[in-house]
Amino acid sequence: MQQFPCPFCGLRDEREFHFAGEAGKTRPDTTKEISDADWTAYLYYCTNAKGPSREIWVHTTCQEYFAMTRDTVSMEVLSTEALNEDAA
Amino acid sequence: MTRHYSALSLLREGLKGHTGWAPLWRSPAPKDTYDVVIVGGGGHGLATAYYLAKNHGVTNVAVIEKGWLGGGNTGRNTTVIRSNYFYPESTALYDLSVRLYEGLSRDINYNVMFSQRGMMVLAHSDAEMEMAARTVNAMQLGGADAELLGAKEVQKKAPVLNFRNDARYPIHGAIFQGRGGTGRHDAVAWGYARAADRLGIDIIQNCEVTGFLIEGGVCKGVETTQGLIRAGSVGVATAGHSSVLAKMGGYKLPLHSYALQAFVTEAIKPFMDTVAFSPMTGSYFSQSDKGGLVIGGGLDRVPSYGQRGNMPMQETVLAGIIDMAPALAKVKLLRHWAGIVDVSPDSSPLIGPSGTEGIYINCGWGTGGFKAIPAGGYLFAHLLANGAHHDISRPFDPGRFNTGHLIDEAAGSGIAH
């Protein structure tokens, strides 16, 4: 099995991790009027990059979400960091 | 040069020492301009070209393939053909495909070895039996054939499955589709290629699309490793890599790409003559004509473009197979592989305009692209020839994500998407 580095727990088995989504997606402000197109783009559309991709992951064992940059072809993990720098 | 297959041509060529067979398709240099350029020489792309020529008389068409025919997903699947879906839109789509497959060998004069050995989706509890009955009803209402089998009937069809009383997933029954089965995946690609070539379609291999020619917001052709090719319209049928093409073409897609693994064992004596799928274990298998067991399972847990197998899914799928048929525990794997599939949020395909004028898309088939090849090609050809949907493809327009008319087959199809 491959090992992924959790910023909080260190190297752990890949099966402990769950892909949560692409990084940089901001939820539209639902207190204001939102167009169908904007809401659709937020809910469904994604870059699905081939190669380096910045993503949000969760380490299911410690329940912490974090950012991971990963090559989607080689599966190599390029970096991981806590979402809140102070938390680390 | 002999180009038509028949008992007579086989006899004649046999007497001549098989020296007169013509290549299945030409390898022309690309022309400057085509009416339609299809990106992707997999099953869907080749079928689209064939139906464009046959059904719509559009023959000034090029199919552009970055590798070789049958080298992508068309050669990397488990060859199952079925239409056991829940929603009427899906049944209409996939049953069109099964019907086209039924006549395909005759239609294209090439044996695609569609073997209608039937497919069983196992139910492992009383609650699953109720859901199975619901699916059988839905399939019958949609015009597909379906039967609800009890445990005894399953045992009669596939005595090798696990009927022990202490089985972790005891078999209560199954959804059975008798018209389902398996085909020869390479033959589907080669057969469509040969048939399209004979109707004048140019198949250009080892030619990668590197960009789209966009003039005034409208796509006018493609840039390739063999130069610029102008086109009246462009159809993109690049399973797995649709998002990569979308980035070049200036449109976005609601897709994630995943590896989907499959396995084949060493050849063994006749073991089972149907396709058996267990949603609980997430595994399925059938026996190929050569004797190897062809094994498949669900998607990887992690999006990726890495066309190779990996351990976590391998464990899950093979553990499931041994649970289904414990006699297979000692059978050796010959090889395993992965293809990249693009999965949409409702696990149904996307057929329609891309968002960039002049580019049309056929993608998002997820785990089920192979069984859909004839229908995908048939409907995509209709779209490219007329610029408008066929009634069967209309519900699969990408616009459904704006309107909310999703066709959520993640549960309905019974397979782990």
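Residue numbers start from 1 in every chain, and the chains themselves are labelled A, B, ... in the order their sequence lines are given, proteins ahead of strands.
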ask   = Which bit of Gln307(B) comes within less than 4.5 Å of chain A, counting heavy atoms only: side chain, backbone, both or neither?
value =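 Neither part; nothing is under 4.5 Å.
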task = Could you tell me the separation between the CD atom of Gln2(A) and the CG atom of Asn310(B), rounded to the nearest 0.5 Å?
result =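 Rounded to the nearest 0.5 Å, the CD-CG separation comes to 9.0 Å.
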message = Please output the residues of residues 239-249 of chain B in contact with chain A, using a heavy-atom cutoff of under 4.5 Å, in numerical order.
response =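 Counting heavy atoms that sit under 4.5 Å from chain A, the residues of residues 239-249 of chain B involved are His241(B), Ser243(B), Val244(B).
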inquiry  = Would the distance check show the side chain of Arg301(B) and the main-chain N or O of His18(A) forming a donor-acceptor pair, the cut-off being under 3.5 Å?
reply    =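 No.
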message = Under 4.5 Å from any heavy atom of chain B, what part of Ala41(A) do you find: side chain, backbone, both or neither?
response =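 For Ala41(A), no heavy atom lies under 4.5 Å from chain B.
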Which heavy atom in [X] sits nearest to a heavy atom in [Y], and how many Å separate them?
{"X": "Tyr45(A)", "Y": "Pro398(B)", "result": "OH-O, 4.1 Å"}
{"X": "Tyr44(A)", "Y": "Leu406(B)", "result": "OH-CD1, 3.4 Å"}
{"X": "Met311(B)", "Y": "Met1(A)", "result": "CB-SD, 3.6 Å"}

message = side chain to side chain contact (heavy atoms under 4.5 Å, CB included) for His256(B) and Phe19(A)? Distances and angles first, verdict last.
response = CA-CA 11 Å; His256(B) 276 115; Phe19(A) 170 81; 4.0 Å; yes
Residue Glu357(B) excluded, over 12 heavy atoms near CD under 6.0 Å =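 It does not: Glu357(B) CD has 12 such atoms or fewer within range.
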query = Side chains of Asn48(A) and Tyr305(B): do they bring a donor and an acceptor to under 3.5 Å?
reply =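 Result is yes, a qualifying pair exists.
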Residues of residues 26-39 of chain A contacting chain B, heavy-atom criterion under 4.5 Å, by residue number =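 Expected list: Asp36(A), Ala37(A).
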inquiry  = With a strict 4.5 Å heavy-atom criterion, list every residue of residues 67-76 of chain A that contacts chain B, or say none.
reply    =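 The residues closer than 4.5 Å to chain B, in numerical order, are Arg70(A), Thr72(A), Val73(A), Ser74(A), Met75(A).
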ask   = For Gln226(B), what residues pass the side chain to side chain contact (heavy atoms under 4.5 Å, CB included) criterion, not counting sequence neighbours?
value =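 Once residues adjacent in sequence are excluded, the partners of Gln226(B) under the side chain to side chain contact (heavy atoms under 4.5 Å, CB included) criterion are Pro30(B), Ile204(B), Cys207(B), Thr224(B).
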request  = Sort out for me which of Ser344(B), Pro303(B), Ala259(B) touches chain A most, counting heavy-atom pairs under 4.5 Å.
outcome  =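 Of Ser344(B), Pro303(B), Ala259(B), Pro303(B) has the most heavy-atom pairs under 4.5 Å with chain A.
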